[in-house]
There are 2 protein chains.
Amino acid sequence: MAEEKEINYTEAENCPVRNILDRFGDKWSTLVILILGEQETLRFNELQKKIGTISQKMLTVTLKKLEADGLISRKVYAQIPPKVEYKLTNLGLSLLPKLHSLVQWANENMEEITQNRSVV
Amino acid sequence: MAEEKEINYTEAENCPVRNILDRFGDKWSTLVILILGEQETLRFNELQKKIGTISQKMLTVTLKKLEADGLISRKVYAQIPPKVEYKLTNLGLSLLPKLHSLVQWANENMEEITQNRSVV
DNA sequence: CGGCATCCGGAATGATACTG
DNA sequence: CAGTATCATTCCGGATGCCG
């Protein structure tokens with residue numbers, strides 16, 4: 001693959017960039033992946049506590065989407081009270097370094113961005 | 001007690017990750033940066049054509065936000081008809097490789113994700 | 001404990017018309 | 001050409017209540 005500069009972004013369905021962006025453009029997906037990247041497994045409530053401000057509903061929705069995409073796996077223990085563990089799949093793990101790269105950039109440049117904003 | 005691995009994601013204002021995510025979590029910002037990364041400069045209409053489906057309003061809003069963050073610069077030519085050129089700033093350029101990394105991942109894994117989804 | 005179903009307000013996005 | 005202004009709509013996400 002030589003020429004990859006000219007990407008056609010106009011067809012959202014066929015454009016991987018837009019497709020992926022549409023998934024992780026939501027408020028929580030990226031955060032969940034990052035947090036799951038720190039531990040091997042996490043339970044529902046542990047995730048919610050770590051994120052802090054997410055509602056039960058949005059955590060459920062986010063986890064379902066990520067599971068449907070094959071980025072995380074869900075393991076249910078047949079016991080009372082219920083216990084459900086979430087972890088990254090290999091696919092999810094493969095995304096992690098790219099997100100870390102983004103996080104690093106965020107850490108390095110957030111202050112500058114914040115200052116830019118306050119000027120305007 | 002607190003290890004460097006343990007990032008506190010709960011305080012959205014102080015967390016660079018969430019701060020940056022909140023900015024680029026919108027539908028268009030990342031796309032605009034990627035497209036501007038291909039050319040040195042682009043005019044408003046050129047951007048709109050390349051994206052294809054974005055409304056005039058949303059392009060305006062997106063460009064304004066990115067400009068406020070200092071990621072892109074805006075150059076107005078005093079002429080009729082008007083001509084406005086957009087380009088990435090150094091800050092914007094520094095983000096580009098990270099986004100490319102994400103794009104590459106998207107290209108490599110979109111098919112798998114799509115298949116996962118259709119299974120569900 | 002780990003969800004799901006429902007309702008609801010506000011924000012995000014879009015469509016259209018108009019302007020310098 | 002590059003927007004602004006306004007209105008309409010969609011949809012995100014929070015609150016609440018119920019369930020296995």
Side-chain angles (χ1 to χ4, degrees), chain A residues 9-13 15 18-19 21-32 35-36 39 41-69 72-87 117 120, chain B residues 9-13 15 18-32 35-36 39 41-69 72-87 120:
Chain A
Y9 295 101
T10 55
E11 301 173 26
E13 324 81 49
C15 176
R18 299 197 47 180
N19 225 285
L21 251 42
D22 285 350
R23 294 292 152 172
F24 303 107
D26 68 20
K27 202 171 179 180
W28 304 112
S29 294
T30 311
L31 205 52
V32 167
I35 292 179
L36 277 178
Q39 259 83 22
T41 65
L42 279 174
R43 301 180 61 176
F44 189 90
N45 272 0
E46 293 173 332
L47 271 168
Q48 193 172 18
K49 264 178 201 151
K50 274 189 174 292
I51 301 180
T53 57
I54 192 172
S55 66
Q56 215 170 27
K57 172 183 177 179
M58 288 317 297
L59 183 53
T60 302
V61 170
T62 303
L63 289 171
K64 272 202 191 307
K65 280 205 308 184
L66 293 177
E67 190 193 1
D69 286 0
I72 69 174
S73 63
R74 183 171 181 272
K75 184 175 182 183
V76 183
Y77 293 83
Q79 62 183 45
I80 305 288
K83 175 180 174 185
V84 182
E85 283 183 346
Y86 295 92
K87 62 179 295 194
R117 276 180 213 156
V120 179
Chain B
Y9 296 101
T10 56
E11 300 172 26
E13 325 79 50
C15 175
R18 300 197 46 180
N19 224 286
I20 263 56
L21 251 42
D22 285 352
R23 295 292 153 171
F24 303 106
D26 69 17
K27 202 171 179 179
W28 305 111
S29 294
T30 312
L31 205 53
V32 167
I35 292 178
L36 277 178
Q39 259 84 24
T41 65
L42 279 174
R43 302 181 60 175
F44 189 91
N45 270 3
E46 292 173 332
L47 271 168
Q48 192 171 19
K49 265 179 200 151
K50 275 190 175 292
I51 300 181
T53 58
I54 193 173
S55 66
Q56 215 169 27
K57 174 181 175 180
M58 286 318 297
L59 183 53
T60 303
V61 170
T62 303
L63 289 171
K64 271 200 195 305
K65 279 203 311 182
L66 293 176
E67 191 193 1
D69 286 0
I72 68 174
S73 63
R74 182 172 181 272
K75 185 174 184 185
V76 183
Y77 293 83
Q79 62 183 44
I80 307 285
K83 175 180 175 184
V84 181
E85 283 183 346
Y86 293 92
K87 62 179 293 193
V120 180

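Quantities reported herein were computed from a predicted structural model and do not represent experimental measurements. Proteins come first, then strands; the chains are lettered A, B, ... in the order of their sequence lines, and each starts at number 1.
The line from OG of B:Ser73 to CG of B:Leu66 is 11.5 Å long, rounded to the nearest 0.5 Å. Distance check: A:Asn45 CG to A:Gln56 CD gives 7.5 Å after rounding to the nearest 0.5 Å.
When distances run from any side-chain atom of A:Met58 to the nucleotides C:dG14, D:dG14, D:dA2, the shortest one goes to D:dG14. Picking from C:dG3, D:dC1, C:dC4 the nucleotide with the shortest atom distance to the side chain of B:Asn45 gives D:dC1. Checked against C:dG14, D:dG14, C:dG2, the side chain of A:Phe44 finds its nearest nucleotide in C:dG2. Looking at the side chain of A:Lys57, the nearest of the listed nucleotides C:dC1, C:dA17, D:dA15 is D:dA15. When distances run from any side-chain atom of A:Tyr86 to the nucleotides D:dG13, C:dG3, D:dG3, the shortest one goes to C:dG3. Proximity note for B:Pro82 (side chain, C-beta onward) versus D:dG3, C:dG3, C:dG20: the nearest is C:dG20.
In this structure, B:Trp28 atom CH2 and C:dG14 atom C1' are separated by 10 Å, rounded to whole Å. Between the P atom of C:dA12 and the CD atom of B:Gln56 lies a distance of 20 Å, rounded to the nearest Å. The interatomic distance linking A:Leu47 (CG) with C:dG2 (C1') rounds to 12 Å, in whole Å. Rounded to whole Å, the distance from CD on B:Glu85 to P on D:dC1 is 14 Å. One atom, CG of A:Leu59, and another, C1' of D:dA15, lie 16 Å apart when rounded to the nearest Å. The distance from atom CG of B:Asp26 to atom P of C:dG14 is 11 Å, rounded to the nearest whole Å. Separating the CD1 atom of A:Ile54 from the C1' atom of D:dC12 is a distance of 12 Å, rounded to the nearest angstrom. Rounding to whole angstrom units, CD of residue B:Gln48 and P of C:dA15 are separated by 11 Å.
No more than 12 heavy atoms of other residues, nucleotides or ligands sit less than 6.0 Å from atom NZ of B:Lys87.
Residue B:Arg74 has no polar side-chain atom (N or O) positioned under 4.0 Å from OP1 or OP2 of D:dA2. Within the structure, a side-chain polar atom (N or O) of B:Arg43 is placed less than 4.0 Å from OP1 or OP2 of D:dA2. For C:dG20, the OP1/OP2 oxygens have no side-chain nitrogen or oxygen of B:Lys83 closer than 4.0 Å.
Using a 4.0 Å heavy-atom criterion, one finds that B:Tyr77 contacts no nucleic acid atom at all.
Looking at A:Lys50 and B:Tyr9, their side chains never come closer than 4.5 Å, going by heavy atoms from C-beta outward.
No side-chain donor-acceptor contact under 3.5 Å links B:Arg74 to the backbone of B:Val84.
Residue order along DNA chain C, read from the 5' end via each residue's closest nucleotide, puts A:Pro81 first among A:Pro81 and A:Val61.
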